[in-house]
Amino acid sequence: MEYSNSSNTEQPQTCLEITMEVHRVVPPPHKSTIHKLKTTLKETFFPDDPLRQFKGQPTGKKWILAAQYIFPILQWGPHYSLSLFKSDIVAGLTIASLAIPQGISYAKLANLPPIVGLYSSFVPPLVYAVLGSSRDLAVGPVSIASLILGSMLRQEVSPVSDPVLFLQLAFTTTFFAGLFQASLGFLRLGFIIDFLSKATLIGFMAGAAIIVSLQQLKSLLGISHFTTKMGLVPVLSSVFQNTKELGSRFLHGRATLLSEFYIRFHHKFMGFSSSLQWSWQTILMGFCFLVFLLVARHVQSKGSYMKGSIHCYASPTLGICIDLGVCAMQSMKRPKLFWVSAGAPLVSVILSTLLVFAFKAQHHGISIIGKLQEGLNPPSWNMLQFRGSHLGLSIKTGLVTGIISLTEGIAVGRTFAALKNYKVDGNKEMMAIGLMNMVGSSTSCYITTGAFSRSAVNHNAGAKSAVSNIVMSITVMVTLLFLMPLFQYTPNVVLGAIIVSAVVGLIDIPAACQIWKIDKFDFIVMLCAFFGVIFISVQDGLAMAVGMSIFKILQQITRPKTVMLGNIPGTDIFRDLHHYKESMKIPGFLILSIEAPINFANSTYLNERILRWIEEYEAEDNKKQSSLQFVVLVMSGKQSQPWKQSNDAAVSAIDTSGVSIFKELKKTVEKKGAELVLVNPLGEVMEKLQKSDEAGDFMRPDCLFLTVGEAVATLTATIKSQVSNHVV
């Protein structure tokens with residue numbers, strides 16, 4: 001068979017002899033509606049087929065497998081050995097040294113009593129050790145979830161004027177967060193959190209890190225009263241207003257009428273008091289310990305686990321991408337020094353506490369934690385508020401914090417699972433983290449998840465199983481029972497320094513530059529999240545970025561890409577004319593590739609776009625005095641021979657609106673004296689077209705082909721045969 005090519009540029013026509021076997025397009029086998037529905041539901045909610053392990057097993061074995069599926073500890077527990085315990089006890093004690101100061105610090109970040117942070121490092125790790133499937137995940141409070149919880153609840157309830165109600169709402173929020181997380185896992189709806197794209201999370205994390213760091217200026221500068229707002233402008237106004245006020249008092253001894261009006265204005269609209277004072281003693285101590293913590297963070301070689309952490313945060317439930325593996329491998333560089341950064345927060349707490357106690361620094365402008373309650377977690381189920389005017393706030397805050405903490409926990413768990421070559425079940429992790437938070441809400445804990453910093457320390461310390469979480473929990477229990485008086489003189493400035501040193505690694509400039517190079521729209525999404533967080537609020541910035549991401553998805557759905565294909569000379573391969581400049585048009589053929597499913601949202605656009613292609617083709621051919629004879633629509637890139645694919649995209653699905661568009665398009669093409677030809681429609685598409693094709697127009701052998709090459713060769717031969725018969 002032969003057909004001639006003509007380039008879209010001025011090139012001479014050439015003739016190619018291509019002999020090929022024409023394959024018949026076979027309709028898909030019949031499937032009942034129930035079978036189709038069952039397959040769709042299975043692929044939607046059970047893509048991992050968790051029930052396959054029960055097939056062919058006796059009843060007793062099925063009960064054992066079910067118990068192991070619900071409680072993973074029953075699976076690895078019987079094989080646990082003393083040698084594994086030796087590794088886990090070292091890892092557990094190590095992460096406890098990090099969890100104790102971080103727990104106290106993050107509780108203050110959430111505007112909760114410091115003791116709640118320690119409570120949250122005791123019960124949740126025990127629950128996760130029983131229900132969780134990750135060997136390396138270290139559970140406890142995290143900075144971003146603490147920030148979101150504290151900022152959202154503080155919008156309606158003051159933690160200073162009404163601390164009891166604020167604590168009740170925090171526990172209620174934790175319950176709803178856990179309920180939402182467990183429901184996602186139980187209903188197999190984990191794909192919902194995939195709407196938090198990598199670009200969204202990088203911008204969100206960076207913005208949140210800046211807000212968290214700015215909020216610590218209250219502790220680092222020793223300011224007794226500070227703005228309650230989370231935006232960049234109120235925080236900086238609070239700091240610099242204090243500077244102006246001190247200068248005014250120094251020069252004039254009292255505020256002038258104008259400055260008094262200015263102070264009152266900012267007190268009303270910015271949310272801070274006019275009696276701000278800096279403490280040079282606090283600034284000195286904060287600066288020294290912050291430098292110490294930052295140096296400890298970077299004592300390892302470049303590419304340590306904290307510098308790679310953002311890549312793990314930025315890859316939620318999307319599978320283990322290369323970034324996760326890279327950051328996990330980076331965390332193994334110079335593991336002998338991991339204890340330096342791991343133990344630095346606890347060393348800072350101990351040294352600062354001794355300094356305050358020795359020099360009575362609490363009487364010289366340095367604020368301290370004060371006396372903490374001794375004993376284990378008191379029950380708090382009676383504090384959960386399921387009615388009243390603040391119920392909506394608790395549900396909304398629980399939803400946002402639940403998604404963020406779940407995203408972080410699953411991403412971190414999958415990171416180290418990929419490194420150690422074992423699997424983490426995402427849906428089981430959702431249920432484990434959710435139930436952990438539901439139990440925690442009843443035992444005086446606020447929202448917890450797996451943090452990358454603690455998990456990296458756990459991994460580098462040689463953890464072999466979830467027993468390391470149990471060891472950490474026991475260590476925290478001993479602290480709660482016997483060591484709480486030792487924290488009475490711990491200065492708040494050190495807690496602020498610990499928070500700043502922990503969140504500074506969330507600002508990933510190289511990742512932002514990479515996004516700029518790869519996808520400009522994703523970069524805009526990242527900026528929306530970043531600026532939304534620092535200038536508006538944490539939740540509004542996140543909502544803006546998610547909205548932009550959804551808009552991008554809708555734009556791709558409603559405006560699918562269509563490309564014109566041409567033949568690469570000497571082959572029967574057809575590629576995009578704009579991509580492959582050597583490809584040539586076939587005279588009389590308009591070959592279009594549709595690269596998306598066809599549905600009600602894009603059917604009208606596709607119809608108009610294809611008609612515009614036809615008009616443009618006819619306008620160009622009028623100049624060359626040739627006519628359009630065939631409009632070829634490529635429905636799938638999966639052709640009979642993979643190396644001869646015309647395109648990788650496919651019309652994988654079609655609805656009634658799409659079928660109607662094909663009928664209208666066929667009539668329009670026939671009015672222009674041409675024919676509509678379909679190439680390799682997939683099973684579902686072909687089945688629906690066949691059912692709607694009462695006249696048999698779509699299913700004719702001369703209108704349906706398996707590959708573009710076969711279609712062009714066959715139709716070209718048909719045209720030549722007709723011309724020969726006409727001449728005779």
(request) Kindly write out the residues that satisfy salt bridge (Lys or Arg N to Asp or Glu O under 4.0 Å) with Asp519, not counting sequence neighbours, or none if the list is empty. (result) Lys552
(request) Evaluate the side-chain proximity of Leu399 to Ile395: yes if any heavy-atom separation is below 4.5 Å, no if none is. (result) no
(request) Check whether any side-chain heavy atom of Leu346 sits under 4.5 Å from a side-chain heavy atom of Leu98, and report yes or no. (result) no
(message) I need the Glu595 CD to Ser652 OG distance, nearest 0.5 Å.
(response) 12.5 Å
(request) Any pair with a residue in residues 131-140 that passes salt bridge (Lys or Arg N to Asp or Glu O under 4.0 Å), sequence neighbours left out, goes on the list, sorted by first then second residue, please. (result) Asp136-Lys420
(message) Does any part of the side chain of Phe204, heavy atoms only, come nearer than 4.5 Å to the side chain of Ile404, both counted from C-beta?
(response) yes
(request) With rounding to the nearest 0.5 Å, note down the distance linking OH in Tyr128 to OG1 in Thr449. (result) 8.5 Å
(message) Does atom OH (Tyr80) have a neighbourhood of more than 12 heavy atoms from anything else shown, all under 6.0 Å?
(response) yes
(message) To the closest 0.5 Å, what do you measure between CG (Leu201) and CG (Leu542)?
(response) 7.5 Å
(request) Test Ser468 against Asn458 for side-chain hydrogen bond (donor to acceptor under 3.5 Å, both in side chains), laying out the working first. (result) CA-CA 8 Å; Ser468 61; Asn458 193 32; 3.2 Å; yes
(message) If you compare all heavy atoms of Thr397 against all heavy atoms of Leu153, which two are closest, and at what distance to 0.1 Å?
(response) OG1-CD2, 3.8 Å
Under 3.5 Å, which donor-acceptor pairs link side chains of residues 116-124 to any protein atom two or more places apart or in another chain?
from: Ser120; atom 1: OG; to: Val116; atom 2: O; distance (Å): 2.8
from: Ser120; atom 1: OG; to: Tyr446; atom 2: N; distance (Å): 3.0
from: Ser121; atom 1: OG; to: Gly117; atom 2: O; distance (Å): 3.1

(message) To the closest 0.5 Å, what do you measure between CG (Leu93) and CE (Met472)?
(response) 11.0 Å
(message) Please check: side-chain N/O of Asn602 versus main-chain N/O of Pro597, any donor-acceptor pairing under 3.5 Å?
(response) yes
(request) Look at atom OH of Tyr422 and say whether more than 12 heavy atoms of other residues, nucleotides or ligands are closer to it than 6.0 Å. (result) yes
(message) Would you say that Ile654 contacts Asn599 through its side chain, given a criterion of any heavy-atom pair below 4.5 Å between the two side chains?
(response) no
(message) Any non-hydrogen side-chain atom of Leu384 less than 4.5 Å from a side-chain atom of Ser441?
(response) yes
(message) Given 3.5 Å as the limit, does a donor-acceptor pair link the side chain of Thr172 with the main chain of Gln385, or not?
(response) yes
